[in-house]
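Take a look at the structure set out below.
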Amino acid sequence: MLDALTIATGVAALALAAWCGFAAYRDQRTMDWHFLGMAVVSLLAVVQLVVGIVQLARGEKPAQGTAIFVAYLLGALACVPAAGFMSLAERSRWGSLTVSAGGVVLAVLEVRLFDIWGG
């Protein structure tokens, strides 16, 4: 795995979590610019998924197993979009808090991906 990409995705996810957490603190629902931030973080997760699959196709192996690695990659990909869709159902501060929690979960998944790869 590319360490820089993993770090960038984790930091972007934490920034999104802080941003949406601050919006929830201010009693604001998720706005269009929050969804733009979610799109950027999701794009980083897509790039990470592609890089991970390419490395697996080249014959590189994660230290803790391929199946768990692919499962975590797919979970990281789905984390923020799922939180974004749930925030559309709850158009209050709790929607912003849901996206914030999704960002924290993605950051934790990034740490775990780093460990699974053998970092």
Between [Y] and [X], is there a side-chain heavy-atom distance shorter than 4.5 Å?
X: T9; Y: L5; answer: yes
X: P62; Y: L56; answer: yes
X: F69; Y: T66; answer: no
X: Q48; Y: V51; answer: no

Between [atom1] of [X] and [atom2] of [Y], what distance do you get to the nearest 0.5 Å?
X: R93; Y: D27; atom1: CZ; atom2: CG; result: 5.0 Å
X: T6; Y: L109; atom1: OG1; atom2: CG; result: 11.5 Å
X: R112; Y: W117; atom1: CZ; atom2: CH2; result: 14.0 Å
X: C79; Y: L74; atom1: SG; atom2: CG; result: 12.5 Å

Checklist entry - Applying salt bridge (charged side-chain N to carboxylate O under 4.0 Å, His left out), which residue pairs with at least one partner in residues 44-58 are found, sequence neighbours left out? => result R58-E60

If you compare all heavy atoms of [X] against all heavy atoms of [Y], which two are closest, and at what distance to 0.1 Å?
X: S100; Y: A17; answer: OG-O, 2.8 Å
X: V99; Y: A83; answer: CG2-O, 3.8 Å
X: S96; Y: A23; answer: OG-CB, 4.0 Å
X: L106; Y: A13; answer: CD2-CB, 3.7 Å
X: G52; Y: L73; answer: CA-CD1, 4.1 Å

Flag yes if [X] and [Y] sit in one hydrophobic cluster, no otherwise; membership is Ile, Leu, Val, Met, Phe, Trp, Tyr, and two members link when side-chain heavy atoms are under 4.5 Å apart.
X: L77; Y: V70; answer: yes
X: I53; Y: I68; answer: yes
X: Y72; Y: L49; answer: yes
X: L16; Y: V105; answer: no
X: I116; Y: F114; answer: no

Only pairs under 3.5 Å count here: list side-chain donor-acceptor contacts from residues 31-47, not counting sequence neighbours, and write none if there are none.
from : atom 1 : to  : atom 2 : distance (Å)
H34  : ND1    : M31 : N      : 2.9
S42  : OG     : M38 : O      : 2.8

